[in-house]
> 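Please read through the structure below; I'll follow up with questions.
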There are 2 protein chains.
Amino acid sequence: MVRKRVTLAQVAAEAGVAVSTASLVLGGRAADVRISAAAQERVQAAAERLGYRPNAVSVGLRKGRTSTLGFISDSVASSRLAGEMIKGAIEAARDRGFMVFVGETGGNVTLERQLLEAMVDRQVDGVILAALLTHGRELPDGLDQTPAVLLNIAVDDCGDLPVVLPDELQAGRDAAAALIDAGHRDIHLVGSGPGREDVRTISVAAKLRLDGILEVLTAHGLEPASGRAINQWLPPEGYAAVESILESGTPGAIVCFNDRLAMGVYQALQDHGLRIPDDVSVVSFDDASIAGWLRPGLTTVALPHRTMGKRAADVLIDVIEHHRATPDERGPHGVQLVPMPMRVRGSIRDLSA
Amino acid sequence: MVRKRVTLAQVAAEAGVAVSTASLVLGGRAADVRISAAAQERVQAAAERLGYRPNAVSVGLRKGRTSTLGFISDSVASSRLAGEMIKGAIEAARDRGFMVFVGETGGNVTLERQLLEAMVDRQVDGVILAALLTHGRELPDGLDQTPAVLLNIAVDDCGDLPVVLPDELQAGRDAAAALIDAGHRDIHLVGSGPGREDVRTISVAAKLRLDGILEVLTAHGLEPASGRAINQWLPPEGYAAVESILESGTPGAIVCFNDRLAMGVYQALQDHGLRIPDDVSVVSFDDASIAGWLRPGLTTVALPHRTMGKRAADVLIDVIEHHRATPDERGPHGVQLVPMPMRVRGSIRDLSA
DNA sequence: AGCGGTTGCTAGTTCGTTTTAGCACCGACT
DNA sequence: AGTCGGTGCTAAAACGAACTAGCAACCGCT
């Protein structure tokens with residue numbers, strides 16, 4: 001049932017040459033060692049005929065490189081976003097001939113260490129350590145055993161590991177600018193307090209988004225009309241925030257700190273008979289799938305998870321391949337900020353028109 | 001920077017024994033070959049001291065088994081559901097000492113073959129072939145090179161491969177029963193026509209869900225009040241379907257064939273000033289994340305993707321491990337139907353109370 | 001002293017490949 | 001006749017662990 005693999009020895013026998021000769025030819029090193037054109041052809045033909053494919057395990061053992069990456073994430077399934085990140089990494093890896101082991105920790109540190117060990121045991125060439133849930137965390141031991149890249153993890157002391165992060169600061173600027181450019185001045189925040197001191201410790205992302213927003217508002221001589229710090233960024237909290245805002249009148253525009261808050265905001269505004277964007281404009285962050293399903297479509301600054309995953313894999317493979325070439329040269333890596341693109345849909349009214 | 005691994009040879013040297021002795025001891029075969037307790041202890045201690053971990057690549061080459069699975073899916077990122085399936089598989093695999101290569105094809109058959117080859121090259125012990133998007137498809141060649149399980153793929157000719165599928169038929173029964181038990185009689189379908197001949201070729205799932213629904217309705221002497229076959233199960237289509245239903249009056253209850261349709265149904269009902277569940281009851285399928293976010297929460301029959309992934313990995317590993325033990329015994333596998341649990345939220349009004 | 005039986009270990013082969021070092025042959029030249 | 005330089009290939013040693021076959025050493029017995 002399970003067909004036996006063809007080995008190099010069989011190819012060599014079929015071609016009437018030594019194993020080493022076959023290896024040289026198929027490894028493209030025939031020119032180096034002078035193999036006659038005739039012999040090369042026989043080897044190629046034999047390999048073709050038998051359907052030879054090199055055994056990657058053996059190659060891995062011999063070369064010490066397995067063309068394999070590990071992807072360790074705290075969450076795989078929690079959202080489409082995690083999937084996007086993995087997908088990006090897998091695609092980039094595939095394009096460069098790498099396969100990816102995927103592991104999920106659920107935030108469990110012990111599990112994380114075990115996964116890392118299991119991957120290192122399998123001689124992965126490098127590891128991507130990714131996070132969606134937690135920000136600001138400890139790094140596991142064992143990261144010194146293999147090249148590594150941090151994906152969506154902001155740590156104070158990342159050693160000299162490359163880090164891939166979304167450019168939340170610029171995203172904050174863009175969100176604010178989108179409203180201001182459309183002529184809005186009455187801007188309320190849902191998800192963070194109105195001042196820098198109010199961000200709580202929710203996340204690095206929240207802080208940066210707020211910084212970007214405030215920077216642009218300040219540049220226009222504005223400040224947030226109101227702000228609400230919220231611990232759980234879920235629809236019910238968004239709903240409640242709007243009810244609170246409405247006590248002091250109808251807002252001109254609302255910046256939601258993520259799309260799920262925005263969903264609650266939509267529900268609340270609708271329940272109060274307010275229309276988006278005619279009465280209230282809304283802008284948000286993340287570009288979760290609901291953003292496109294809400295009516296009207298939610299304009300939101302997208303977390304480019306796919307691109308981030310791709311970037312992480314590319315950087316990691318660069319390190320792996322480059323490192324071999326020039327062992328002591330530190331690459332041009334460090335923190336890689338991936339731009340967050342604005343997805344313009346229909347939730348912002350253009351007052352300037 | 002990258003720490004060198006400790007090899008068995010180093011452990012043996014440290015313990016003052018031969019490599020083979022160390023291997024025997026650490027492999028738990030010391031009793032078979034009579035190694036003195038003293039020697040065993042020295043080996044164990046040395047291994048501990050040096051932090052020895054066997055090189056899985058080497059073991060893989062020698063044993064021909066790598067404790068590695070491949071997971072090939074048409075989609076990884078399209079939804080949380082795909083992630084759940086992968087997560088389930090990864091977890092089950094991990095519990096049994098396996099790591100998982102994940103690959104995504106995007107429905108591309110060539111890519112699928114290449115991924116399969118790349119995995120077989122890496123000597124995976126087996127492969128899970130999964131699908132979310134497509135139903136009823138061709139199986140790739142190369143599946144005869146390695147044990148395999150089909151996950152969420154319904155094919156006519158699956159050879160003797162184990163198949164893991166959700167129990168859509170029972171789900172259809174459950175959805176219908178939930179409405180009927182709550183006293184509903186005026187039941188409209190959104191996503192499928194009212195009769196068996198109307199299902200179109202959308203999907204096997206649609207057909208089975210409908211079969212289940214009709215079976216229960218018929219058993220109560222009922223038939224659907226109306227039905228709408230729809231090709232794209234997305235919110236706008238759900239919205240449109242409701243507008244069409246409302247032309248002939250307010251429906252008592254609506255069965256949506258998935259949650260995204262249900263989302264559109266919610267929006268349309270709200271826009272027409274109808275309240276859920278007071279005016280109209282809604283039940284749906286899938287349990288996508290929005291199901292919990294909608295207000296009121298959507299009662300829906302969940303696709304148990306996590307469980308399915310777990311089951312697939314378990315079945316596959318059974319095949320792998322069992323196969324070694326008794327080569328000619330065909331396992332008790334075949335089609336594995338995983339129950340779809342009902343997630344009761346607030347979208348069905350109980351008329352019988 | 002020689003033999004059989006046990007105990008306790010190890011040498012050596014194997015898995016499939018890469019890679020280095022070098023062999024055998026041939027013609028040309030001194 | 002001997003050396004030299006090419007040419008075309010191959011033997012053999014890795015890589016790290018698993019596993020088989022078998023070798024010493026000792027003990028007790030005749």
Side-chain angles (χ1 to χ4, degrees), chain A residues 4-44 46-47 50-68 120-125 145 324, chain B residues 4-44 46-47 50-68 120-125 145 324:
Chain A
K4 202 80 184 78
R5 281 183 78 84
V6 176
T7 70
L8 189 54
Q10 293 173 40
V11 173
E14 174 91 2
V17 298
V19 180
S20 39
T21 308
S23 171
L24 259 4
V25 171
L26 296 175
R29 300 207 33 223
D32 295 7
V33 201
R34 289 185 309 254
I35 307 289
S36 68
Q40 291 191 39
E41 221 151 284
R42 268 181 297 138
V43 171
Q44 297 283 11
L50 300 180
Y52 170 73
R53 309 205 91 226
N55 180 325
V57 173
S58 175
V59 174
L61 179 58
R62 178 63 235 247
K63 295 221 236 188
R65 323 224 288 96
T66 52
S67 294
T68 293
V120 171
D121 287 350
R122 282 170 175 81
Q123 303 274 79
V124 294
D125 295 332
Q145 306 210 20
R324 305 274 152 177
Chain B
K4 203 78 183 79
R5 281 185 79 83
V6 176
T7 71
L8 189 55
Q10 293 173 41
V11 173
E14 174 90 3
V17 298
V19 180
S20 38
T21 308
S23 172
L24 259 4
V25 172
L26 295 175
R29 302 207 29 226
D32 294 5
V33 202
R34 291 185 307 253
I35 307 289
S36 68
Q40 291 192 41
E41 221 152 286
R42 269 181 297 138
V43 171
Q44 297 283 11
L50 300 180
Y52 170 73
R53 310 205 91 225
N55 180 325
V57 173
S58 174
V59 174
L61 178 59
R62 180 64 236 257
K63 297 221 239 186
R65 321 225 289 97
T66 51
S67 292
T68 293
V120 171
D121 287 351
R122 281 170 175 81
Q123 303 273 82
V124 294
D125 295 330
Q145 306 211 20
R324 305 276 153 177

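All chains are named by letter (A, B, ...) in the order of the sequence lines, taking the proteins before the strands, and each is independently numbered beginning at 1. Owing to the predicted nature of the structure, the values given are computational and were not obtained by experimental measurement. Atom set for the values below is all heavy atoms of this structure, side chains included, hydrogens, waters and symmetry mates excluded.
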> I'd like a table of donor-acceptor pairs (distance under 3.5 Å, sequence neighbours excluded) in which one partner is a side-chain atom from residues 17-25 of chain A, with atom names and distances.
none

> Please list all pairs passing the salt bridge (charged side-chain N to carboxylate O under 4.0 Å, His left out) test where one or both residues lie in residues 50-61 of chain A, with sequence neighbours left out.
A/R53-B/E117, A/R53-B/D121

> What does the B/S/- profile of nucleotides 5-16 of chain D look like, 5' to 3', with a 4.0 Å heavy-atom cutoff to protein?
--BBBBBBBBBB

> How close or far is atom P of D/dA17 from atom CZ of B/R5, stated in whole angstroms?
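Taking CZ of B/R5 and P of D/dA17, I get 8 Å after rounding.
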
> With sequence neighbours excluded, give me every salt bridge (charged side-chain N to carboxylate O under 4.0 Å, His left out) pair touching residues 11-29 of chain A.
A/E14-A/R49, A/R29-A/D32

> Going by the rule side chain to side chain donor-acceptor pair (under 3.5 Å), which residues pair with B/T68 if we only count those two or more places apart in sequence or in a different chain?
A/R122

> Can you list everything that forms a side-chain contact (heavy atoms from CB on, under 4.5 Å) with A/V6? Sequence neighbours excluded, please.
A/Q10, A/V11, A/L50, A/Y52

